[in-house]
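Down below is the structure, laid out as structure tokens.
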Amino acid sequence: DQQVKQNSPSLSVQEGRISILNCDYTNSMFDYFLWYKKYPAEGPTFLISISSIKDKNEDGRFTVFLNKSAKHLSLHIVPSQPGDSAVYFCAARAGGYQKVTFGTGTKLQVIP
Amino acid sequence: DTAVSQTPKYLVTQMGNDKSIKCEQNLGHDTMYWYKQDSKKFLKIMFSYNNKELIINETVPNRFSPKSPDKAHLNLHINSLELGDSAVYFCASSQGSYSNQPQHFGDGTRLSIL
């Protein structure tokens with residue numbers, strides 16, 4: 001049973017536009033959410049996170065939004081740059097425990 | 001000066017063999033992990049050690065045996081390799097097994113079983 005779902009396997013966006021990556025979860029015990037970015041032949045690298053007590057967290061061009069009632073979060077990248085082309089993984093955990101559950105990823109392509 | 005390093009990067013071997021993957025982190029973290037990314041790109045935790053003590057052990061065949069000689073190293077030994085073991089294995093580390101500190105990943109070991 002996949003508790004973290006990324007239903008869009010891929011996304012193409014023009015350079016300079018906004019990229020919106022979506023993630024849904026089913027486990028109501030999740031209280032901390034993370035986004036990781038992964039380039040080919042490399043490991044995932046941490047991008048941004050959000051606690052369930054917040055509904056928005058911003059870091060430069062990256063903003064994560066959390067809608068607890070809908071069990072949905074999204075990552076916004078504005079403006080998108082070609083270097084943002086990568087696979088983005090949504091992840092979640094419960095109660096501070098470091099057992100992280102990952103989604104299957106969304107491959108973002110930013111077209112110059 | 002790589003933070004989390006895994007060796008080897010690629011591993012091609014035959015069914016039935018025994019192999020090991022090594023992982024080392026120089027971040028001073030006290031918790032380390034092994035993840036498996038299968039052909040569907042699903043990244044799933046296998047094991048976690050905190051200060052050399054096993055704290056997460058998911059439903060993994062007992063052919064997989066992690067070993068942590070110290071908190072900077074977590075190795076994975078796999079006995080009697082099967083075709084279904086073909087995957088990319090990622091090592092990761094973090095500070096604290098109960099914290100909001102993100103996990104740092106190695107670049108993965110691609111294991112191919114012939």
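Residue numbers begin at 1 in each chain, while the letters A, B, ... track the order of the sequences. Values below: all heavy atoms of this structure, side chains included; hydrogens, waters and symmetry mates excluded.
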Checklist entry - So what's closer than 4.5 Å to chain A heavy atoms on B:S94: side chain, backbone, both or neither? => result side chain
Item to check | Close side-chain approach of B:F105 to A:K38, heavy-atom, < 4.5 Å | outcome: no
Checklist entry - Under 6.0 Å from the CD atom of A:Q81, do we count more than 12 heavy atoms belonging to anything else shown? => result yes
Checklist entry - At a heavy-atom separation under 4.5 Å, does B:K9 approach chain A through its side chain, its backbone, both, or neither? => result side chain
Next on the checklist: Could you measure the distance from the OG1 atom of A:T104 to the CD atom of B:Q37? Nearest 0.5 Å is fine.
Outcome noted: 10.0 Å
Item to check | Common cluster, A:I20/A:I77, ILVMFWY with side-chain heavy-atom separation under 4.5 Å | outcome: no
Checklist entry - Between B:I21 and B:V88, is there a shared hydrophobic cluster once you connect ILVMFWY residues whose side-chain heavy atoms come closer than 4.5 Å? => result no
Next on the checklist: Using a 4.5 angstrom heavy-atom cutoff, name the option from B:H104, B:E58, B:R110 with the most pairs to chain A.
Outcome noted: B:E58
Item to check | A:I50 with A:F30, same ILVMFWY side-chain cluster at under 4.5 Å | outcome: yes
Checklist entry - Can you tell me how far CD of B:Q103 sits from CZ of A:F46, rounded to the nearest 0.5 angstrom? => result 11.0 Å
Next on the checklist: With heavy-atom distances below 4.5 Å as the criterion, would you say the side chains of A:K99 and B:I45 are in contact?
Outcome noted: yes
Checklist entry - Can you tell which of B:F90, B:F42, B:Y35 makes a ring pair (Phe, Tyr, Trp, His ring centres under 6.0 Å) with A:F102? => result B:Y35
Item to check | Over 12 non-hydrogen atoms of neighbours within 6.0 angstrom of CZ in A:R17 | outcome: no
Item to check | Connected via hydrophobic side-chain network under 4.5 Å: B:L83 and B:L81 | outcome: yes
Checklist entry - Can you say whether A:V100 sits under 4.5 Å from chain B via the side chain, the backbone, both, or neither, judging by heavy atoms? => result both
Next on the checklist: Which one wins on heavy-atom pair count under 4.5 Å against chain B: A:A41, A:S51, A:G103?
Outcome noted: A:A41
Checklist entry - B:D107 and A:G43: which non-hydrogen atoms are nearest, and at how many Å? => result OD1-N, 3.1 Å
Checklist entry - Does a sphere of radius 6.0 Å around NZ in A:K68 hold more than 12 heavy atoms from other residues, nucleotides or ligands, not counting ones at 6.0 Å or beyond? => result yes
Next on the checklist: In this structure, would A:Y32 and A:F62 fall into the same cluster of hydrophobic residues linked by side-chain contacts under 4.5 Å?
Outcome noted: no
Item to check | Nearest non-hydrogen partners of A:F89 and B:K41, listed with the distance | outcome: CE2-O, 3.8 Å
Checklist entry - Is it the backbone or the side chain of A:Y36 that comes under 4.5 Å from a heavy atom of chain B, or both, or neither? => result side chain
